[in-house]
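Everything on this sheet refers to the single structure shown next.
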Amino acid sequence: MSGACRMGFKELLVKSIALILLCGLILSSCLKKEEAKSSSGGAAEVTATTPVKWSASAFNGGGLDFKVGNDLANTFAGGDYDENDHHPVEQMMKKWNESSNALDFFRLDITTVSNKDLDSVSSYLNDGELGVYRSDNWISGVSSQALAITAYKAFHRNSGTSDHHLEIVHADIIINYRDYNFTTDSNDNFFYDLHSVLLHEMGHALGLKHVENNSINSVMAPYLGRSDVSRELTNHDKTTVQSLYGLSSLKASPFMVAALSTPSKFELPKDARESEDGAIIGVIELRADGECRHYLEGKLTQSHHHDIKKGH
């Protein structure tokens with residue numbers, strides 16, 4: 001082999017090695033970026049036990065800022081208000097706030113807004129406003145057996161770790177006034193108790209799921225009959241929401257409050273969290289037929305039947 005050929009071969013070998021090293025660096029960088037994305041919002045498997053909750057920082061400023069549609073608010077009469085001039089929506093929010101002294105889940109004295117009787121779940125979740133609404137036309141694609149639904153938008157957080165969960169960034173509660181009638185009178189056994197429906201749906205809005213064991217006393221049972229009134233949280237409900245958010249029923253110390261306000265390791269800024277690709281849409285139905293149904297991305301992911309008496 002001539003000197004020129006040997007020199008050309010050596011240069012080719014050096015360039016090939018350099019190219020291989022460069023490709024390796026690029027691949028390593030891509031893998032690190034994908035790993036970081038997965039930690040925050042990348043693809044991950046969702047199971048029935050995957051926790052669903054808000055970021056601790058979402059409660060800063062006095063709690064989640066839900067609005068109530070004026071069509072619902074206008075159904076409340078003088079006797080529906082308590083001594084603090086709180087209507088039933090606020091009264092049931094207060095029940096959840098009282099489940100722990102560490103923080104308030106909901107902001108009270110909420111604002112009344114124009115009712116949104118929209119025709120799709122996505123329309124509610126993309127309006128930028130948390131709300132409690134009545135629907136007189138009901139929602140396309142949602143069963144008429146649903147007394148009410150809670151719909152939420154969420155993202156994977158901390159995928160691949162023991163803290164993997166879905167972080168809620170938006171939620172709405174919609175009550176089915178097309179197919180059912182509701183009452184604020186706890187002694188009325190003909191219509192469905194509105195307070196009980198609201199208390200239940202607010203639990204879902206916080207991330208609580210249905211209780212599958214019929215023997216457990218909870219407002220998160222998947223069924224509500226016309227004669228059922230559940231206006232108080234049970235010990236099970238309080239313990240469950242405290243556990244979900246790492247809270248205590250005792251008065252929080254300043255150090256605990258500071259810790260709750262600290263974003264998790266992989267938490268993104270609020271504007272990035274709400275505009276990020278890969279949003280997961282969830283819908284939970286409170287049904288009149290006793291069947292528990294949870295949906296993710298339009299697919300039924302959890303279902304079981306609650307034993308009820310015929311002719312409720």
Side-chain angles (χ1 to χ4, degrees), residues 66 68-99 105-106 108 110 112 115 131-136 138-139 142-151 171-206 208-211 214 216-238 240-241 284-293 306-312:
F66 272 80
V68 60
N70 54 18
D71 284 8
L72 178 60
N74 289 339
T75 65
F76 303 141
D80 295 327
Y81 290 80
D82 64 14
E83 64 278 7
N84 297 313
D85 203 30
H86 288 154
H87 54 59
V89 177
E90 295 166 317
Q91 292 167 25
M92 296 302 99
M93 288 179 169
K94 186 179 179 182
K95 298 291 184 183
W96 285 106
N97 286 355
E98 292 172 344
S99 66
F105 291 113
F106 297 100
L108 301 184
I110 59 181
T112 300
N115 197 65
V132 182
Y133 306 107
R134 63 176 284 169
S135 174
D136 294 289
W138 204 222
I139 308 164
V142 179
S143 172
S144 61
Q145 286 291 332
L147 295 171
I149 67 168
T150 294
D172 291 290
I173 295 169
I174 307 103
I175 304 170
N176 184 359
Y177 271 79
R178 185 193 70 178
D179 301 302
Y180 302 96
N181 293 306
F182 300 89
T183 180
T184 57
D185 182 357
S186 61
N187 296 314
D188 186 338
N189 293 326
F190 189 71
F191 297 141
Y192 289 93
D193 185 62
L194 181 61
H195 292 73
S196 301
V197 173
L198 290 169
L199 189 64
H200 176 100
E201 295 304 319
M202 288 168 191
H204 286 319
L206 291 175
L208 272 63
K209 302 175 184 180
H210 283 136
V211 172
N214 295 346
I216 295 177
N217 184 23
S218 170
V219 299
M220 301 312 298
Y223 162 77
L224 183 75
R226 283 196 292 262
S227 61
D228 293 334
V229 177
S230 299
R231 298 186 177 190
E232 298 291 338
L233 298 182
T234 68
N235 288 333
H236 177 84
D237 301 320
K238 296 175 184 178
T240 301
V241 74
I284 306 177
E285 299 177 354
L286 172 63
R287 295 169 63 96
D289 62 0
E291 185 176 0
C292 162
R293 288 190 179 183
H306 184 89
D307 294 332
I308 60 175
K309 296 180 180 180
K310 300 296 182 181
H312 60 275

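Remember, predicted model here, so these are calculated numbers, not experimental data.
Across every non-hydrogen atom of Asp228 and Gly225, the tightest pair is OD2-N, 2.7 Å. The minimum heavy-atom distance linking Asn176 with Ala146 is given by the pair ND2-O, 3.0 Å. Counting all heavy atoms, side chain and backbone alike, Lys94 lies closest to Asn84 at NZ-ND2, 3.7 Å. Contact between Leu147 and Phe182 at its shortest, heavy atoms only, is O-CZ, 3.7 Å.
Checking side-chain atoms of Asp80 against main-chain N and O of Pro88 turns up no donor-acceptor pair under 3.5 Å. Between the side chain of Asp172 and the main chain of Gly131, a donor-acceptor pair closer than 3.5 Å is present. Judged purely by atom type and a 3.5 angstrom limit, Glu285 has no side-chain atom pairing as donor or acceptor with the backbone of Val142. Here the side chain of Ser99 pairs no donor or acceptor atom with the backbone of Lys238 at under 3.5 angstrom. Judged by distance alone, with hydrogens and angles left aside, the side-chain atoms of Glu201 form a donor-acceptor pair with the main-chain N or O of Thr150 at under 3.5 Å. Judged purely by atom type and a 3.5 angstrom limit, Asn97 uses its side chain to pair as donor or acceptor with the backbone of Phe105. The backbone N or O of His236 sits nowhere less than 3.5 Å from a side-chain atom of Asn217 that would complete a donor-acceptor pair.
Atom OG of residue Ser230 and atom CG of residue Leu224 lie 6.5 Å apart, to the nearest 0.5 angstrom. In this structure, OG1 on Thr184 lies 7.0 Å from CZ on Arg231, to the nearest 0.5 angstrom. The distance from atom CG of Asn70 to atom OG1 of Thr112, rounded to the nearest 0.5 Å, is 7.0 Å. If you take CE on Met202 and CD1 on Ile173, they are separated by 5.0 Å, rounding to the nearest 0.5 Å. Atom CG in Asn74 sits 9.0 Å away from atom CG in Leu72 (nearest 0.5 Å). Taken from CG in Leu198 to CD in Glu90, the straight-line distance is 11.0 Å, to the nearest 0.5 Å.
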side-chain contact (heavy atoms from CB on, under 4.5 Å) assessment of Ile110 paired with Met93: CA-CA 10 Å; Ile110 59 181; Met93 288 179 169; 4.2 Å; yes
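Pairs of residues two or more places apart, or lying in two chains, that qualify as ring-ring contact (aromatic ring centres under 6.0 Å, His included) and include a residue from residues 80-99 are Phe76-His87.
Residues Thr240 and Met220 are not in side-chain contact: their nearest non-hydrogen atoms beyond the backbone lie 4.5 Å or more apart. Between Arg134 and Thr75 there is a side-chain heavy-atom pair separated by less than 4.5 Å.
Ring pair Tyr192/Tyr180 is perpendicular by interplanar angle, where above 60° counts as perpendicular and below 30° as parallel. Ring orientation note: the planes of His210 and His200 are tilted relative to one another, at an angle of 30° to 60°.
None of Val89, Ile175, Asn181 except one satisfies the side-chain contact (heavy atoms from CB on, under 4.5 Å) rule with Leu194; the exception is Ile175. Of the candidates Leu208, Asp237, Leu233, Asn235, Asp237 is the only one forming a side-chain contact (heavy atoms from CB on, under 4.5 Å) with Ser218.
Scanning for side-chain contact (heavy atoms from CB on, under 4.5 Å) contacts around Thr183 gives Asp185, Asp188, Phe191, with sequence neighbours left out.
Counted by atom type alone, Asp179 and Ser144 present zero donor-acceptor pairs between their side chains at under 3.5 Å.
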